[in-house]
Protein chains: 2
Amino acid sequence: MGTTSKALSLLRLFSGSQPEIGLTELSRQSGMNKATVYRLMSDLAEYGFVEQVGADRMYRIGPGVMRLAVLRETSVPLRSIAKEHVSALAEEIGETTHVSQVSGDELSTLTYAYSTKHGTRVTMEDAERLPFHATSSGLSVLAYSNAALVDSILSKPLDKRTPQTIVDPQQIRDELKRISLRGHAESVSGFEQDVHSVAAPIFAGGATVCGALAIAAPVGRVNGALRSRMIAAVQERARMITEMMGGAMPVSPDSA
Amino acid sequence: MGTTSKALSLLRLFSGSQPEIGLTELSRQSGMNKATVYRLMSDLAEYGFVEQVGADRMYRIGPGVMRLAVLRETSVPLRSIAKEHVSALAEEIGETTHVSQVSGDELSTLTYAYSTKHGTRVTMEDAERLPFHATSSGLSVLAYSNAALVDSILSKPLDKRTPQTIVDPQQIRDELKRISLRGHAESVSGFEQDVHSVAAPIFAGGATVCGALAIAAPVGRVNGALRSRMIAAVQERARMITEMMGGAMPVSPDSA
DNA sequence: CCATATCGGTTTATTATATGAACCAATGGT
DNA sequence: ACCATTGGTTCATATAATAAACCGATATGG
């Protein structure tokens, strides 16, 4: 594995639930020697990708990534456009909404909004990685992705997150076909027990899928009427986000 | 120069005025061999830091940086807090406002807002690097930075952007002392001809300066009354941003 | 239409950089 | 006082990176 790849892979270890990580723990999680990790993190720090904080000198993501994010949003303003829509959608439907984004073979939460309508709600974690196979967002993205990504995802061991999680590749492929015909994905307890979610894909740069918009609600609150409203609203908002970014809805899957 | 550093230095070549760069041009600007650039960019692309677009396969910043930016904002929400304040301040004062952020020895524009009050305005460029010595933002940051950063910046050749740009290190040091006493910096045509700007520092993580808030207006519109309002407003808003991030105004400079 | 220039991309002998076992100082817990 | 664990460092050895030269494709000018 190349040196640059090793350094970048260290950045992937940070998460919403673990925003700060010490040197020895980074070595443990990455499987790299502590001296190697120290050198790589020093290089990353020099360019602002990480910084050390506190008396125990824990690492966290640094300010240097912000300039790159600003540049990214100049070209593909997914997060800034999505932010407004997830807020409006959360208030319209009264449930948690979120947008996730594809980067290579990873899907991660970009922004989310809670509704104040209920005392309980489905909660989110910043920048959380979502499994493609077990979430409505992931499935709606796969339904419009090229065969290479689908094959890559389905050829790896699929985690059975809940008793309801589908992990048979052929069953997933069949479901992807159905999703591409109806334009949205739906998951009941596939990722988290007792959470019902629906998602629709978002496209950029022509008809390339770049993420998904989803609504998530406790199973007990989702009756037929709410379910219909969720489906219609998530598809309409996803279409609006796509249009605002100058993207286009595709004519068929495997269009990439 | 280490391999990781070479790769990361390539990312610095992207800007608001040059969001897409081809392979050969990257080689030219970086001084590295084209084969080397190709390999390094391939590694960066694998982790989502860059992607290639268009028939000519130009590189641009990729989606992978967004997850890191979300994590960064979880710890230091400077951009999201600043965004609201620069909008409000632009409407309050009627001029262009912006927040910039320090990353190592670089200062770059994080977010900005225009006022709709006038037909002409000072314009900004996304993620633009700002020289410390020639901008009110840069000077207000230096006035509260540790001696190592000040020495580093002032030991390099300073660019005389306009006839009014101060480039004598001793004069700048004297000005930094005055800025730290009054709590704001002011620049008239120091960075751009006929632009008058005032800035105040923003602190995070205790009393560490992390950026600055600035107002910029055409020289001809800045009379005594407007100038006083600009100074008072930028200091008050910078203090509010600092407090919202859990930072603290310092008691004296060189406190880091 | 042809020659030339320029681009993105590739190869591999040679060169440069990275690695990690062993070590150190500091800190916290028993 | 002892032990465990942390962040940080060193340098002989191992590994990866480099870049001159090359290729195919495309665009341009004569």
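Predicted, not measured: the structure shown is a model, and the values here were computed from it. Below, chains carry the letters A, B, ... as their sequence lines are ordered, and counting in each starts from 1.
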Who pairs with A:Tyr112 by ring-ring contact (aromatic ring centres under 6.0 Å, His included), at least two apart in sequence or on another chain? A:Tyr114

What class does the angle between the rings of B:Phe203 and B:Tyr144 fall in, given that below 30° is parallel, 30 to 60° is tilted and above 60° is perpendicular? perpendicular

Given salt bridge (charged side-chain N to carboxylate O under 4.0 Å, His left out), test A:Glu106 with A:Arg129 step by step and report yes or no. CA-CA 7 Å; A:Glu106 276 201 349; A:Arg129 283 193 184 85; 2.5 Å; yes

Within residues 53-63 of chain A, find the residues that approach DNA chain C with a heavy atom at under 4.0 Å, and present them sorted by residue number. none

Take A:Arg161 and A:Glu192, measure what salt bridge (charged side-chain N to carboxylate O under 4.0 Å, His left out) needs, and give me the verdict at the end. CA-CA 7 Å; A:Arg161 296 288 296 245; A:Glu192 266 189 88; over 6 Å; no

Given protein heavy atoms under 4.0 Å, the one-letter contact record of nucleotides 19-28 of chain D, with B base, S sugar-phosphate only and - none, is simply BB--------

Which residues pass the side chain to side chain donor-acceptor pair (under 3.5 Å) test with A:Ser15, not counting sequence neighbours? A:Ser17

Give me the bend of the helix from C:dC1-D:dG30 to C:dT30-D:dA1, using the axes of the five pairs at each end, rounded to 10°. 40°

Roughly how many Å is it from CG in B:Leu40 to P in D:dA17, rounded to a whole number? 8 Å

Listed by chain and number, what are the side-chain contact (heavy atoms from CB on, under 4.5 Å) partners of B:Ala185, not counting sequence neighbours? B:Ser136, B:Leu139, B:Ser140, B:Ile179

Going by the rule ring-ring contact (aromatic ring centres under 6.0 Å, His included), which residues pair with A:Tyr59 if we only count those two or more places apart in sequence or in a different chain? none

May I have all residue pairs that pass salt bridge (charged side-chain N to carboxylate O under 4.0 Å, His left out) and include part of residues 139-158 of chain A, sequence neighbours excluded? A:Asp105-A:Lys156, A:Asp151-A:Arg173

Round to the nearest Å and state the distance from A:Leu10 atom CG to C:dA18 atom P. 14 Å

Any residue meeting side-chain contact (heavy atoms from CB on, under 4.5 Å) with A:Thr74, in chain and number order, not counting sequence neighbours: B:Asp126

Using modelled atom types and a 3.5 Å cut-off, is there a donor and acceptor pairing between side-chain atoms of A:His133 and backbone atoms of A:Thr165? no

With sequence neighbours excluded, what pairs up with B:Thr24 under the side-chain contact (heavy atoms from CB on, under 4.5 Å) test? B:Arg28, B:Lys34

Strand-adjacent residues in residues 15-25 of chain A, judged by heavy atoms under 4.0 Å from DNA chain D: A:Gly22, A:Leu23, A:Thr24

Tell me: CG of A:Asp43 to C1' of C:dT17, nearest whole Å? 11 Å

Please walk me through it: do A:Glu128 and A:Leu130 pass side chain to side chain contact (heavy atoms under 4.5 Å, CB included)? CA-CA 6 Å; A:Glu128 180 177 24; A:Leu130 302 173; 4.3 Å; yes

Look at the side-chain N and O atoms of B:Tyr38 and state whether any lies under 4.0 Å from the OP1 or OP2 oxygen of C:dT10. yes

Side-chain N or O of A:Gln52 closer than 4.0 Å to phosphate OP1/OP2 of D:dG8: yes

Hits for side-chain contact (heavy atoms from CB on, under 4.5 Å) against B:Arg239, two or more places apart or cross-chain, chain-then-number order -> B:Glu236, B:Glu243, B:Met249

